[in-house]
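Worksheet for the structure shown next.
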Amino acid sequence: MQDAHSTDTSPGRTPTGASRQVPESPSQPVPEALQALTLDAAAADVPVPRPARAKRQVQEALQAPQVPPARPRNSRASTTGEVAGVRITSARRIIDVESGTRKLDLVRYYARVAPWLLPHLRDRPVALLRAPQGLGGERVFQRHLTRMAIPGVTLHDELDGGHPLIGIDSLDALIHVAQMDGIELHTWSARAANVDLPDRVVFDLDPDPALGWERVIEAAQLTRTLLGDLGLEAFCQTSGNKGLHIVVPLVPGPGWDDTKAFARAVAQRLASGWPTQFTAIQNADHRKKKIYVDYLRNVRGAGTAAAYSVRARPGLGVCVPIAWDELAQTTGGAHWTLANIDVRLKQLNRPKRAAPWARFTEVRQTVSSELTLRLEEGGA
DNA sequence: GAGGAGT
DNA sequence: ACTCCTCAACGCCAT
DNA sequence: ATGGCG
């Protein structure tokens, strides 16, 4: 996920005040609707909207260039849908231009995937990455529900300095979140009832885009082997983006500091053992041609995109848990997207087939400062 | 996206 | 009734 | 102290 207020290619920003300028010419050809819109705004003495608003108008213009101007009042119903008993506004709004996905497609996905997704959300604080103006617009990361309630959503008060954390424990809550353009769902690595004792360690393997996918598969297997040597069973999911997540379930016990220290030791061991393959340093220049092992998800208040969460990036990748023996057949971190995820869900529905993470809730293991020390001192 | 203030 | 404005995170690490 | 990062 990115910073909450990323301003990418913003069309025709106008300085506050009287003088306004024609938008710089974009590198891509500008659709006619957009040209007309910006030209009109510049020519007539019309107040020029703020960038976010401009994007919204542009998007609307692109989607429905031929909407009759005199639409009868109250006929917004044409773009209002219903999913699982929840009113979905702007249902036909396109949220991802690349795939042509509409808001209603997103909401319906979350309704369909709920049986698999909800167990990963249940009882955990959840943070949302919302994109009310679509993937091209402003993205909002939301950890608390202070101002506004979302129907069905559970509130965990006083777990985070008195700011109510978000809990999604029902289909109803999930669909209301999707109605609010909640696209990514990030869960804490601890249960709300035991929020100071993490119950998993997560390693986010984030490759330099230049690297081939085989390198990422190899890196994941190295990580699995290292953890296995420490007596820890690990699980793998596609990140829906470029890389993979390695997840190690824990019996709660060690606190956040010990858990983070362990995760850091693992990341640094990978980086020192295979220096051409891994880095544990976040800065961009250290990452060239490497796979960044992001161990900093293992901090109180941080989160990781949940299994079956959509990612708010063009193409709308999905996080998908897989079995280790499936890894070699994957083609990338975004192997599954909103466009092809149904194939996977159908597989999961086959009664005889073992769930890829069947053992996840059965594993009984934990970490300790002793184990971390052993790792740091170079022991096996 | 939603709520509140302002017109 | 409508438009406009505002709001919706945070901790860690490298430098 | 600041900036970038996720």
Side-chain angles (χ1 to χ4, degrees), chain A residues 1-6 16 46-57 59-60 73-74 76 79-80 86-91 93 95 103 106-107 125-134 137-151 153 155 159-166 175-189 202-208 239-243 245 256-257 259-261 263-264 267-268 271 279-287 292-306 309 311-313 319 333:
Chain A
M1 119 210 51
Q2 291 307 103
D3 56 317
H5 297 272
S6 63
T16 328
V46 172
V48 175
R50 296 158 42 210
R53 173 168 298 276
K55 280 182 220 162
R56 194 182 318 148
Q57 292 189 355
Q59 198 169 49
E60 282 162 8
R73 318 204 271 187
N74 295 343
R76 280 183 177 251
T79 63
T80 298
V86 178
R87 268 279 185 260
I88 305 303
T89 58
S90 307
R93 210 187 82 233
I95 60 172
K103 182 183 175 188
L106 174 79
V107 181
V126 178
L128 316 173
L129 184 60
R130 300 169 52 200
Q133 284 92 41
E138 209 175 7
R139 296 140 57 100
V140 177
F141 194 83
Q142 185 164 8
R143 308 176 67 219
H144 306 122
L145 270 187
T146 28
R147 272 175 104 68
M148 180 185 16
I150 299 179
V153 161
L155 295 185
L159 264 46
D160 197 33
H163 304 297
L165 293 170
I166 298 166
I175 300 308
H176 274 102
V177 164
Q179 153 62 15
M180 306 282 267
D181 290 300
I183 298 185
E184 287 189 17
L185 309 174
H186 293 237
T187 47
W188 287 34
S189 287
V202 179
F203 300 95
D204 180 359
L205 303 186
D206 190 7
D208 182 297
S239 70
N241 191 10
K242 290 179 323 185
H245 297 160
W256 288 107
D257 288 349
T259 307
K260 183 182 76 178
R264 181 179 56 225
Q268 290 176 344
T279 178
I281 299 174
Q282 194 174 46
N283 300 52
D285 28 326
H286 289 91
R287 292 210 211 173
Y292 168 53
V293 186
D294 181 5
Y295 65 91
L296 285 170
R297 309 297 84 233
N298 304 287
V299 159
R300 194 190 198 275
T304 305
S309 172
R311 305 310 299 270
R313 303 223 170 219
C319 277

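Lettering of chains follows the sequences in order, A, B, ..., and the numbering in each one begins at 1.
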Ignoring hydrogens, what is the shortest heavy-atom contact between A/V177 and A/L128? Give both atom names and the distance. CG1-CD2, 3.8 Å
For C/dC10 and A/H144 - does any side-chain N or O of the residue sit under 4.0 Å from the phosphate oxygens OP1/OP2? yes
In whole Å, what is the span from the CZ atom of A/R297 to the P atom of C/dG11? 13 Å
What's the spacing between A/Y292 OH and A/K242 NZ if we round to 0.5 Å? 12.0 Å
Could you check how far CZ of A/R130 sits from C1' of B/dA2, rounded to whole Å? 8 Å
Taking any heavy-atom pair under 4.0 Å as a contact, classify A/I281: base, sugar-phosphate, or nothing. sugar-phosphate
Taking the side chain of A/E138 as heavy atoms from C-beta outward, which of C/dA8, B/dA2, C/dG11 is closest to it? C/dA8
For B/dA2 and A/H176 - does any side-chain N or O of the residue sit under 4.0 Å from the phosphate oxygens OP1/OP2? no
Walking DNA chain C from its 5' end, the first of A/Q268 and A/R300 to be reached, judged by nearest nucleotide, is A/R300
Give the nucleotide from the list D/dG6, C/dT15, C/dA8 with an atom nearest to the side chain of A/R287. D/dG6
Expressed as a whole number of angstroms, how long is the span from A/R311:CZ to D/dG6:P? 11 Å
On a whole-Å scale, what distance lies between the P atoms belonging to C/dA8 and B/dG4? 14 Å
Exercise: identify the closest heavy-atom pair between A/A271 and A/T279: CB-CA, 4.1 Å
Minimum heavy-atom distance between A/K103 and A/A178, given as atom pair plus value: CE-O, 4.0 Å
Using whole Å, report how far CG of A/N283 lies from P of D/dG4. 10 Å
Which heavy atom of A/K260 sits nearest to which heavy atom of A/V299, and what is that distance? CD-CG2, 3.5 Å
Tell me the interatomic distance from A/H186, atom NE2, to D/dC5, atom P, rounded to whole angstroms. 17 Å
Round to the nearest Å and state the distance from A/M148 atom CE to C/dC5 atom P. 19 Å
When you check the phosphate oxygens OP1 and OP2 of C/dC7, does a side-chain N or O of A/Q142 lie under 4.0 Å from one of them? no
side-chain N/O A/K242 vs D/dG6 OP1/OP2, d < 4.0 Å: no
Nucleotide nearest A/T146 when distance is taken to its side chain, options C/dA8, C/dA14, B/dA2: C/dA8
Atom CG of A/L128 to atom C1' of B/dA2: distance rounded to whole Å? 14 Å
Rounded to whole angstroms, how far apart are CG on A/D294 and P on D/dG4? 18 Å
Could you check A/H286 against A/L296 and say which one's nearest nucleotide on DNA chain C is further toward the 5' end? A/L296
Evaluate the ring planes of A/H186 and A/F141, with Trp represented by its six-membered ring, and classify them as parallel (under 30°), tilted (30 to 60°) or perpendicular (over 60°). perpendicular
Categorize A/R143 for me: base, sugar-phosphate, or nothing, with a 4.0 angstrom heavy-atom threshold over every strand shown. base
Using a 4.0 Å heavy-atom cut-off across all strands, classify A/T89 as base, sugar-phosphate, or nothing. sugar-phosphate
Among the nucleotides C/dA14, D/dG4, C/dC13, whichever has the atom closest to the side chain of A/Q282 is D/dG4
Counting side-chain heavy atoms from C-beta on, which of C/dA9, C/dC13, D/dG6 comes nearest to A/F141? C/dA9
